[in-house]
J.: 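Once you've had a glance at the structure underneath, I'll fire off some questions.
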Amino acid sequence: MEWTFSDSVRLSLLSFSEASKACAALPGFSLFRRSLQPERIEYCRAELLPDCLVGSLAVPDKTHPLHLAFSLAFYLDRGQLILAADEQTLPALQSLLFPEEPLDTSDVFHLFFSFLESLIQEDMLYLQNFEKRLATIEESLLDTLPKELQRTLITIRRELLVFHAYYQQLLDMCEILSEDENHFLPPECARQFSRLGNRVDRLYDHTQMLREYALQIREMQQAQIDLRQNDTMRILTVVSTIFFPLSLIAEI
C-alpha cells in the first residue's frame, strides 16, 4: 500500500517480503534488510546514515504487555517513509497511521515524528492505571494479601519491566535522532525529537517509580509475613513454657 501526500512525502506500508524486493536498490538496504525478518526484531533501534534512517520498532501490547502489539522495520529518506511488517499486522498498522486526528505530513520527517509520537500519546494515562492497581494491592496489606493479588503483583512487575525497557529503547532512538551526527534531519526536526525524548524520559522515570512502588509493596508483604510468623512462634513459645513443666511432672 502506498500514499502520496505531496511531491516530497510518500508513505509505503509493505509486508516484509514485499519490502525485500521493492527496496533492494535503496541506499542503506544492507542495514534495512537485517530488520526484514520478524524474529530478529526484538527491540527499538535506529541507525542514522548520511542519506537515510533505518531501524525497527517492537511495541508492547497495552492489553497484554508481555506480548508485542506489533513489530516493524522502517526506512526513511528525504522523500519517503517505508514501514515493513508481517501481513497480519498491516491492517492494524494502517489504522494507527490514519487516526481521527491526521498525522503531520508537511514533510517526511514530520510524518515519522508524528507517527512515533502517536505510539506514546496516551501512555501516561496507561501508567496511571498501573498505579491504581498497585494502590489496591497496597490497601489489601491492611488485612491480608490474597494469593490472586500476589500473582497480580508479580504480573504487574513483569509488565512494568517490559515498558521500562521499551521506553529506554525509544529514549536511545530519540537521542540518536536529536543529535543527528550526519546532519540528515532538518534542524527543527532534530529539536522535535529532542522534545519527544524528554516526554519518553518522563514516561521512563514514571515507570521506574512504579517499579520501585511494586518492590516496596513486596517488601511490605514480606514484613507482614514475618510479623505473622513471629506471632506464631511467640504463641508456641508461651504454650511450650506452660506445658513443658507439666509434662516433666507427669513423667516423674
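Predicted model only: the values in this text are computed from it and were never measured.
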J.: Search all heavy atoms of Arg34 against all heavy atoms of Arg45 and return the closest pair with its distance.
T.: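 In this case the closest contact between Arg34 and Arg45 is CB-NH2, 4.4 Å.
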J.: Is the Phe163 ring parallel, tilted or perpendicular to the Tyr126 ring (thresholds 30°, 60°)?
T.: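 Geometry flag for Tyr126 against Phe163: tilted rings.
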J.: With rounding to the nearest 0.5 Å, note down the distance linking CD in Glu42 to CG in Leu68.
T.: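 Between Glu42 CD and Leu68 CG, I get 9.5 Å after rounding to 0.5 Å.
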J.: Measure across Val200 and Leu171 and return the closest heavy-atom pair with its distance rounded to 0.1 Å.
T.: CG1-N, 3.8 Å
J.: Flag the pair Lys62 and Asp123 as a salt bridge only when some basic side-chain nitrogen lies within less than 4.0 angstrom of an acidic carboxylate oxygen.
T.: yes
J.: Could you tell me how the ring of Phe112 sits relative to the ring of Phe74: parallel (under 30°), tilted (30 to 60°) or perpendicular (over 60°)?
T.: tilted
J.: Let me confirm one number: the CE-CG distance from Met1 to Leu93, rounded to the nearest 0.5 Å.
T.: 8.0 Å
J.: Please determine, by modelled atom types, if Asp77 and Gln80 share a side-chain donor-acceptor pair under 3.5 angstrom.
T.: yes
J.: Does atom CD of Glu87 have more than 12 heavy-atom neighbours, drawn from other residues, nucleotides or ligands, at distances under 6.0 Å?
T.: no
J.: Compare every heavy atom of Glu2 with every heavy atom of Ser12, then report the nearest pair and how far apart it is.
T.: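 Looks like OG-OE1, 3.5 Å.
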J.: Evaluate Gln168 against Tyr204 for side-chain contact (heavy atoms from CB on, under 4.5 Å), listing each step before the verdict.
T.: CA-CA 7 Å; Gln168 178 64 67; Tyr204 176 82; 3.3 Å; yes
J.: Just checking, is any N or O donor in the side chain of His110 or Gln192 under 3.5 Å from an acceptor N or O on the other one?
T.: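 On atom types as modelled, these side chains qualify, holding a pair under 3.5 Å.
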J.: What do you reckon, is OH of Tyr43 surrounded by more than 12 foreign heavy atoms closer than 6.0 Å?
T.: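 Open.
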J.: Do the ring planes of Phe184 and Phe109 sit parallel (below 30°), tilted (30 to 60°) or perpendicular (above 60°)?
T.: perpendicular
J.: Is atom CZ of Arg78 surrounded by more than 12 heavy atoms (other residues, nucleotides or ligands) closer than 6.0 Å?
T.: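 Buried by this count: over 12 neighbours within 6.0 Å.
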J.: Please name the pair of heavy atoms, one in Leu90 and one in Leu14, separated by the smallest distance, quoted to 0.1 Å.
T.: CD2-O, 3.6 Å
